[in-house]
Amino acid sequence: MLEIPAKDFSLQATLSSGQAFRWALLSGWYYGFIGPSVLKIRQVNGSLQYDTSDAALTPERIRHYLALDLDLADILRQVDVDMQVHQAIVHHRGLRVLRQDGWETLASFICASFNNIKRIEGMIERLCQAYGDPVALTPPPFAGPKGPAHRAESPLATAKGGGVNGFRGFSFPRPQTLAAASERRLRSLGLGYRAPYLKATARLIDEGKLRIDHLRCVEYDAAKTALLGCDGVGDKVADCVALFGFEKYEAFPIDVWIERAMRYYFRHKPMTRQRLHDYARQHFGPYAGYAQQYLYHDIRTAHATSVPC
DNA sequence: CGCCAGGTGCTGA
DNA sequence: TCAGCACATGGC
């Protein structure tokens, strides 16, 4: 069991706010992946406790993924410019924008279009089971005298005799794997009409026509333009990928929930998404993406009855 | 059953 | 440029 101090941070708000689709909450612990490394983590007051069987997953790597190096107080001070976002900040203080793998984020949000989060999670999990590699979180050398591992019910934790707590997951498929997948099989996983989009985008990367890792080093506009060249990637998905996968904090993804939240600023006047996007960027500034994530999470959790997590 | 979901691509004006 | 429409699927 290892520990990381984490000030001004909420693991639960961060992992359940719809930016990542592969974290499973089992008996108070979140199980998931950072890149190819499997991780078990929970927050106890101001401290993160975690376990991993991958030596490559250093505390620094975890801190980077969770964006604990950023000065959240400073960021929130910049975007706390009206009552609506102020309330969202009060409700979910500690929510941070993750630094996820770029390819995984791109593929995930292609699947996310015109879809709901429950089904997105299922689609991505089936995609990983079909095309990823099995990865187990192996038991620690000196397992305590705890009772038998609980039976997990999440699809992430199968009963196939995985490591500690029965956890066994699958790594995210590589681009070349999905580029070679058949559209029919992708459809059989429930991807629907997104199947050819995902395959085409995977092929674009596999053929070297989109150097995706390079997008981390370029400006927001250049990254977005490049992402828009992918099949199944429009304005909204490109912004999600830029924000969650490539640290472009100016990105302001507008989906149906954010569109609803934005009506607050325009007294329900009908506005195009382009207009809302322009307004949001000048209203919230260079960390507009943080404002967006707080607004998104707040409006969804306000609909408490129908929102999971 | 009908409606909704972290929309995109295509078409025709 | 922009409104209007089809698109797969499953949860509620």
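No hydrogens, no waters, no symmetry mates; every other heavy atom, side chains included, goes into these values.
Residues from residues 233-255 of chain A lying near DNA chain B, meaning a heavy-atom separation below 4.0 Å, are A/V233, A/G234, A/D235, A/K236, A/V237, A/F244, A/P253, A/D255 in numerical order. Remark: A/Y193, A/Y197 in residues 186-202 of chain A come within less than 4.0 Å of DNA chain B through at least one heavy atom.
The separation between A/F114 atom CZ and B/dC4 atom C1' is 8 Å, rounded to whole Å. In this entry the distance linking CZ of A/R119 with C1' of C/dA8 reads 6 Å, nearest Å. Atom CZ in A/R300 sits about 16 Å away from atom P in B/dC4, given to the nearest Å. In this structure, A/I110 places its CD1 atom 18 Å from C1' of C/dT9, rounding to the nearest Å. Spacing between atom CE of A/M123 and atom P of B/dA5 amounts to 16 Å, rounded to whole angstrom units. Counting to the nearest Å, the C1' atom of B/dG7 and the OH atom of A/Y296 are 13 Å from each other. As a whole-Å value, the separation of A/L276 CG from C/dC2 P is 13 Å. Here the P atom of nucleotide B/dA5 and the CD1 atom of A/I117 are 11 Å apart, to the nearest Å.
Nearer to the 5' terminus of DNA chain B, by closest-nucleotide assignment, is the contact made by A/N116 (compared with the other of A/N116 and A/D231).
Listed by chain and residue number, A/Y279 satisfy the ring-ring contact (aromatic ring centres under 6.0 Å, His included) test with A/F266 (two or more places apart in sequence, or in another chain). Remark: A/R263 pairs with no residue by the side-chain hydrogen bond (donor to acceptor under 3.5 Å, both in side chains) rule, at least two apart or across chains.
Looking at heavy-atom distances under 4.0 Å, A/G18 makes contact with a base. Residue A/Q293 is in base contact, counting any heavy-atom pair closer than 4.0 Å across all strands shown. As judged by a 4.0 angstrom heavy-atom cut-off over every strand, A/C230 is placed among residues touching the sugar-phosphate backbone only.
Taking the P atoms as reference points, B/dG9 lies 23 Å from C/dG10, given to the whole Å. Here the separation of B/dT8 from C/dG11, taken at their C1' atoms, is 22 Å to the nearest Å.
A tilted orientation is assigned to the rings of A/W23 and A/Y65, their planes being inclined by 30° to 60°.
Taking 4.5 Å as the limit, some side-chain heavy atom of A/R63 sits within range of a side-chain heavy atom of A/E60. Inter-residue side-chain proximity for A/L2 and A/D51 is flagged as unmet; no heavy-atom pair is nearer than 4.5 Å.
With a 6.0 Å radius and a threshold of 12 heavy atoms from other residues, nucleotides or ligands, A/E207 has its CD atom above the threshold.
Residues A/D82 and A/Y265 bring a donor and an acceptor atom of their side chains to less than 3.5 Å of each other.
The listed nucleotides are B/dG7, C/dG10, C/dA3; the one nearest the side chain of A/V256 is B/dG7.
The stretch residues 108-129 of chain A participates, sequence neighbours left out, in these ring-ring contact (aromatic ring centres under 6.0 Å, His included) pairs: A/F21-A/F109, A/F109-A/F244. Residues in residues 273-289 of chain A take part in these salt bridge (Lys or Arg N to Asp or Glu O under 4.0 Å) pairs, two or more places apart or across chains: A/E259-A/R273.
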| message | A/Q19 vs A/L95, test: side-chain contact (heavy atoms from CB on, under 4.5 Å). Steps then yes/no. | response | CA-CA 11 Å; A/Q19 45 180 324; A/L95 192 169; 4.1 Å; yes

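An OP1 or OP2 oxygen of B/dA5 is reached within less than 4.0 angstrom by a side-chain nitrogen or oxygen of A/R260.
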